[in-house]
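Ligands are counted one by one from 1 in listed order, and the atoms in each one are counted from 1 as well. Start at 1 with the first residue, then count along the sequence.
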Amino acid sequence: MLSNSLVSRESFVMKTVAIENLTQKQDELVDAAIAVLETAYNPYSRYFVGAAVLTRSGAVFSASNVENAGYGSTICAERMAIGKANSSGARDIIAIAVTGRSDNFEKSEITAGPCGSCRQVIYEFSQVSGCDIEVILATADKANVAVTTIEELLPYAFGPKQLQMNISKYS
Ligand SMILES: [Zn+2]
């Protein structure tokens, strides 16, 4: 890093919130993600991820990770949940909750964040819904919760705007 970097490191500090400070809708979305956690198909990593997306109309779509012997064919919970919403005709996503746990280590204090590919997909749908999608990260026991947004998680993102795509018909 340049010694005179203009980037403020403060902006990268995870903002944790107490569970009681979540709104009821945020808390319900976290619960929806936790509810599908154990359905993960994860023979390779034994890492469980649950994700739930909330649409503007209040619909919730949740999914878990689906792994594959060809590791690159694995699909993350976040993209599964977004796919479910999309195939149900609900693309106006305004929030996503993500939770995770592992069979390989004791409970983590660290909330699971979306991988880079999922951040890219969440960003795409933030362009469809026309809002900075809220991303709620929670440990499976809800002891640690952080609330952020996709623009915070994926700054300077590449999306439909850069391609001058009109995606309004998908909204
Ligand atoms: Zn992912």
Side-chain angles (χ1 to χ4, degrees), residues 11-17 26 28-55 59-88 90-105 107-129 131-163 167 170:
S11 63
F12 300 117
V13 175
M14 182 87 74
K15 284 173 262 182
T16 55
V17 295
Q26 289 172 321
E28 286 171 4
L29 200 60
V30 169
D31 284 342
I34 292 170
V36 295
L37 194 58
E38 300 303 319
T39 68
Y41 175 72
N42 58 3
Y44 307 101
S45 73
R46 300 303 297 162
Y47 194 79
F48 298 74
V49 182
V53 297
L54 173 69
T55 68
V60 172
F61 300 90
S62 56
S64 56
N65 48 321
V66 179
E67 294 183 348
N68 192 277
Y71 283 13
S73 300
T74 291
I75 308 173
C76 302
E78 297 93 318
R79 278 178 283 157
M80 291 289 288
I82 290 170
K84 273 177 82 173
N86 178 67
S87 57
S88 302
R91 297 194 184 99
D92 53 345
I93 294 166
I94 60 169
I96 181 168
V98 184
T99 187
R101 73 161 191 86
S102 176
D103 273 349
N104 297 327
F105 47 81
K107 91 177 170 93
S108 175
E109 307 278 297
I110 303 165
T111 54
C115 76
S117 294
C118 288
R119 291 178 194 208
Q120 182 68 32
V121 172
I122 295 167
Y123 182 77
E124 179 83 19
F125 279 79
S126 77
Q127 300 292 284
V128 175
S129 64
C131 78
D132 186 11
I133 293 176
E134 187 173 81
V135 182
I136 307 163
L137 309 174
T139 51
D141 60 1
K142 299 208 284 190
N144 288 286
V145 182
V147 179
T148 180
T149 71
I150 191 56
E151 288 185 16
E152 229 174 20
L153 292 176
L154 193 67
Y156 309 107
F158 182 77
K161 277 181 193 162
Q162 282 70 30
L163 293 172
I167 54 169
Y170 298 99

Steps toward side chain to side chain contact (heavy atoms under 4.5 Å, CB included) verdict (Arg79, Ser117)
CA-CA 9 Å; Arg79 278 178 283 157; Ser117 294; 3.8 Å; yes

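- The shortest non-hydrogen separation linking Thr74 to Glu67 is OG1-CA, 3.4 Å.
- Around the OH atom of Tyr170, the shell of radius 6.0 Å holds no more than 12 heavy atoms that belong to other residues, nucleotides or ligands.
- Looking at Ser88, its side chain never comes within 3.5 Å of a backbone N or O of Ala90 through a donor-acceptor pair.
- Between the side chain of Asn42 and the backbone N or O of Tyr47, at least one donor-acceptor pair lies under 3.5 Å.
- Distances from the Zn ion (ligand 1) under 2.8 Å pick out these protein N/O/S atoms: Cys76 SG, Cys115 SG, Cys118 SG.
- Using a 4.0 Å cut-off between a side-chain N of Lys or Arg and a carboxylate O of Asp or Glu, Asp141 and Arg101 do not qualify as a salt bridge.
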